[in-house]
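This structure is a prediction, so every number in the text was calculated from the model and none was measured. Residue numbers begin at 1 in each chain, while the letters A, B, ... track the order of the sequences. FYI, side chains are in, hydrogens and waters are out, and symmetry mates aren't considered; it's all heavy atoms of this structure.
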There are 4 protein chains.
Amino acid sequence: MSRTAVDSEGAWFEPGEMDALRRKLPIPYVDIVPVRTDVDGTIQQVGLLLRASGEGRIVRAIVSGRILVHETIREAITRHVEKDLGPMALPRIPVSPAPFTVAEYFPTPGQSLFTDDRQHAVSLAYIVPVDGECAPQEDALELTWYDVAELRQSSVLEEMEGGHDVIVRRALSFAGAL
Amino acid sequence: MSRTAVDSEGAWFEPGEMDALRRKLPIPYVDIVPVRTDVDGTIQQVGLLLRASGEGRIVRAIVSGRILVHETIREAITRHVEKDLGPMALPRIPVSPAPFTVAEYFPTPGQSLFTDDRQHAVSLAYIVPVDGECAPQEDALELTWYDVAELRQSSVLEEMEGGHDVIVRRALSFAGAL
Amino acid sequence: MSRTAVDSEGAWFEPGEMDALRRKLPIPYVDIVPVRTDVDGTIQQVGLLLRASGEGRIVRAIVSGRILVHETIREAITRHVEKDLGPMALPRIPVSPAPFTVAEYFPTPGQSLFTDDRQHAVSLAYIVPVDGECAPQEDALELTWYDVAELRQSSVLEEMEGGHDVIVRRALSFAGAL
Amino acid sequence: MSRTAVDSEGAWFEPGEMDALRRKLPIPYVDIVPVRTDVDGTIQQVGLLLRASGEGRIVRAIVSGRILVHETIREAITRHVEKDLGPMALPRIPVSPAPFTVAEYFPTPGQSLFTDDRQHAVSLAYIVPVDGECAPQEDALELTWYDVAELRQSSVLEEMEGGHDVIVRRALSFAGAL
């Protein structure tokens with residue numbers, strides 16, 4: 001029934017099959033923190049999506065999604081950026097495959113700082129500067145750019161779920177902005 | 001039927017089931033380069049296993065294996081080090097979850113520098129200094145420690161398959177030894 | 001006439017000479033976050049020194065100091081850990097020379113998140129697990145181990161100066177503990 | 001007498017003064033590997049300068065230079081890229097201040113993999129993708145772009161001095177290209 005799954009990730013799973021797989025294996029993911037940078041590489045702004053969570057609440061989120069079988073990490077990053085930010089975002093995919101952090105999502109809260117009801121996901125996190133025009137796609141309602149100073153002081157990060165706030169903080173920390 | 005799979009990774013897959021899963025999803029792995037270090041952290045030696053490859057050839061290999069569902073990366077590293085190097089190896093698991101590189105193994109040669117007939121694996125690679133006694137376990141025939149200078153000059157790394165030599169070189173490069 | 005400078009860094013500078021040099025060149029430093037880790041590499045505790053600041057206030061601090069001419073980074077880390085934590089600390093110097101962050105200290109507040117009245121320092125920051133007995137040396141009054149949970153909630157990090165709190169937070173973030 | 005030093009690094013040193021300082025303190029540097037990347041972030045080409053070495057030989061080199069007092073690392077990277085590649089290079093300065101490696105240059109060969117007759121330099125190494133037009137400036141005779149495959153097989157890297165070949169190899173290794 002999940003039209004999104006079919007459209008964005010290919011039609012090769014039967015209904016319910018992916019759910020069954022998620023109980024058997026950890027699922028490789030990419031988490032992407034979209035940023036606007038200054039000409040000297042300093043992060044100026046972080047882009048956060050507004051989207052409906054599984055439970056129907058509206059939450060802030062970063063770009064995130066599965067790595068498909070036979071897909072490279074670079075392809076997965078490109079595909080998810082395009083899926084969420086549109087085809088004109090002009091992302092600068094990192095030169096190194098080494099993520100700045102790895103987020104381990106578990107269904108059971110407390111096993112790590114990251115939770116995901118649906119699955120155990122092992123997510124490689126990357127900072128991706130985008131230079132072009134971003135337009136939220138599909139199930140994202142809105143994309144908002146937040147100044148780094150704003151993120152430090154406001155409660156925006158608390159509107160994130162599953163540990164996405166931790167990933168944004170780690171990204172800013174890694175980038176020397178926090 | 002694979003006794004090893006049952007013993008080392010739990011008995012919860014039917015025969016053939018894991019093979020089927022491997023065709024559907026990328027499989028999260030850890031690749032571990034065991035090293036002996038000097039008191040100042042310099043890598044002195046790299047430990048390579050001698051094991052029978054799938055095709056019955058004898059190959060040099062690093063420690064490598066799946067992350068199981070509901071298992072943390074730290075648990076997976078610990079389990080695979082113990083499985084291959086024995087319970088007295090005294091590994092020093094890295095403080096950071098960020099791998100020094102990510103190896104993407106594909107069944108089709110040429111899609112990356114890493115190949116694995118059986119599956120598409122996304123492998124997080126870590127350097128793990130070991131301080132204790134190592135004894136090869138299970139299907140590993142032998143563990144040999146090679147001086148860094150030896151690895152630079154000899155053809156030992158060419159006895160590795162699937163790109164394990166690339167991982168060892170990246171590890172030495174990351175550690176400032178190459 | 002600074003006895004400390006003579007004792008800890010060699011007697012080859014005339015009085016006042018180092019001060020003059022500090023106005024001419026950025027000074028390479030190492031900043032070291034001493035930690036106690038669990039057997040699986042998770043950071044359990046962070047060690048903070050209590051010392052007299054230049055202005056006579058008592059502050060919390062991490063281990064920090066200059067890289068001397070002709071000294072390797074590994075030697076500098078070893079020397080400063082021994083200077084501040086004593087000869088029995090059994091530090092595990094990182095295998096890689098790549099720091100988890102670089103702190104740029106400037107005399108003028110606001111040019112970065114790090115300040116140092118005396119100089120422009122370019123400091124390479126490392127996490128160093130210590131396994132042995134630590135005893136504060138020389139001008140350090142005390143060494144206290146703080147649980148990670150404690151550091152997250154308490155105001156201990158606010159007792160640090162010059163941006164040392166930022167370095168501790170980045171260390172915990174890099175290590176997946178924050 | 002050194003016109004270059006005056007032009008590129010400011011006129012505030014007396015003749016001979018910098019030489020004296022170099023004997024007293026390690027000098028903070030940046031080493032920059034300029035690259036052309038594919039749209040997915042993969043390194044396609046590495047840019048190497050042709051320049052006259054101190055001894056009058058012609059050598060291949062990467063972009064490299066001092067961090068000046070009161071200058072940020074980002075400013076130093078920007079300045080040296082502009083100095084060597086021209087004002088239209090459009091460099092993408094990395095988002096993180098953490099270098100992919102640190103090269104320790106010593107006057108005495110053998111203390112590390114890096115040598116510099118003039119000084120002990122502590123050099124932070126960065127990969128910098130450039131999107132614009134590059135034109136060698138000042139003392140650089142030429143800039144040549146080499147395909148990654150070419151660098152793997154040819155002897156170009158052997159025309160580099162002081163360990164610059166090691167830095168290029170570490171850069172490619174970090175970027176997953178080697």
On a heavy-atom basis, which atom in [X] and which in [Y] lie closest, and how many Å separate them?
X        : Y        : answer
C:Pro99  : D:Val102 : CD-CG2, 3.7 Å
C:Pro97  : D:Thr101 : CG-OG1, 4.1 Å
C:Ile73  : D:Glu104 : N-OE1, 2.7 Å
C:His120 : D:His70  : ND1-N, 2.8 Å

Partners meeting salt bridge (charged side-chain N to carboxylate O under 4.0 Å, His left out) with C:Arg23 (sequence neighbours left out) =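 Once residues adjacent in sequence are excluded, C:Arg23 has no partner under the salt bridge (charged side-chain N to carboxylate O under 4.0 Å, His left out) criterion.
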Under a 4.5 Å heavy-atom cut-off, does chain D meet the side chain of C:Gln119, its backbone, both or neither?
->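 Interface part for C:Gln119: neither.
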Within residues 106-113 of chain C, which positions have a heavy-atom distance to chain D below 4.5 Å?
->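 Hits under 4.5 Å: C:Phe106, C:Pro107, C:Gln111.
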Sort by residue number and list every member of residues 159-169 of chain C having a non-hydrogen atom under 4.5 Å from chain D.
->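 Those residues of residues 159-169 of chain C which would need a heavy atom under 4.5 Å from chain D do not exist here.
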For chain D, the option from C:Pro28, C:Ala103, C:Ala98 that forms the most heavy-atom pairs under 4.5 Å |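 Counting heavy-atom pairs under 4.5 Å, the top option is C:Pro28.
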What distance separates D:Leu25 CG from C:Leu25 CG, expressed to the nearest 0.5 Å?
->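 Answer rounded to 0.5 Å: 6.0 Å.
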Please identify each residue that fulfils side-chain contact (heavy atoms from CB on, under 4.5 Å) with D:Ala177, with sequence neighbours left out.
->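 Scan of D:Ala177 (side-chain contact (heavy atoms from CB on, under 4.5 Å), adjacent residues dropped) gives D:Val148, D:Leu172.
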C:Glu133 atom CD, over 12 foreign heavy atoms within 6.0 Å |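 Counting neighbours around CD of C:Glu133, 12 or fewer heavy atoms of other residues, nucleotides or ligands fall under 6.0 Å, so no.
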Using side chain to side chain contact (heavy atoms under 4.5 Å, CB included) as the criterion, point out the one residue from C:Val122, C:Leu68, C:Val69 that pairs with D:Pro26.
->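 Result: among C:Val122, C:Leu68, C:Val69, C:Val69 is the only option passing the side chain to side chain contact (heavy atoms under 4.5 Å, CB included) with D:Pro26.
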